[in-house]
Amino acid sequence: SGAEFALSATGIAGPTGGTPDKPVGLVFIGLATPTSTQIQRHVLTFDRETFKWFVSQSALDLLRRELLTVGGSAMLGRNESKADYGAKKA
């Protein structure tokens, strides 16, 4: 696809579907960048709607925080600045 970043979330929002190994409320949030992969594991005790909202916002916040660190070659794997990156993607 040519994407520089990939964001994912998977889990069991409930109220049913949990098992002893994968309880209701278990969620994994992942972020892949050109240079690394991060995985967060959470067990949340929210109702289904709050669970879905919290997971979506947590995933987007993880991406937001990563994008704030984009400052050149360390994140992009190239010799570019934030301005160069934004201009290329716009």
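Keep in mind that the numbers below use all heavy atoms, side chains included, and drop hydrogens, waters and symmetry copies. Computed from a prediction, not measured in an experiment: that's the story for all the values here.
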Pair L26, R41 - check side-chain contact (heavy atoms from CB on, under 4.5 Å), show working.
CA-CA 7 Å; L26 177 65; R41 179 187 186 275; 3.6 Å; yes
Pair E66, L31 - check side-chain contact (heavy atoms from CB on, under 4.5 Å), show working.
CA-CA 9 Å; E66 191 66 37; L31 175 64; 3.6 Å; yes
Walk me through it: do L7 and L60 pass the test side-chain contact (heavy atoms from CB on, under 4.5 Å)?
CA-CA 8 Å; L7 187 61; L60 291 170; 4.1 Å; yes
Carefully, step by step, assess I29 and I39 under the rule side-chain contact (heavy atoms from CB on, under 4.5 Å).
CA-CA 6 Å; I29 298 171; I39 300 169; over 6 Å; no
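Remark: T33 OG1 to L63 CG distance equals 10.5 Å, nearest 0.5 Å. The structure places CZ of R64 at 11.0 Å from CD of Q57, a figure rounded to the nearest 0.5 Å. With rounding to the nearest 0.5 Å, the separation of CG in L44 from CZ in F51 is 5.5 Å.
For the residue pair R48 and P15, the shortest heavy atom distance occurs at CD-CD, 4.5 Å. A pairwise comparison of heavy atoms in A32 and T37 identifies CB-OG1, 4.1 Å as the closest pair. Looking at every heavy atom in both residues, T50 comes nearest to D47 through OG1-OD2, 2.8 Å.
A heavy-atom distance below 4.5 Å is not found between the side chains of F28 and S8.
Using a 30° and 60° split on the angle between ring planes, F46 and F54 fall in the tilted class, from 30° to 60°.
In the hydrophobic clustering of ILVMFWY residues, with side-chain heavy atoms under 4.5 Å counting as a link, I12 and V43 come out apart.
Between the side chain of S56 and the backbone N or O of W53, at least one donor-acceptor pair lies under 3.5 Å.
Counted by atom type alone, S58 and D61 present zero donor-acceptor pairs between their side chains at under 3.5 Å.
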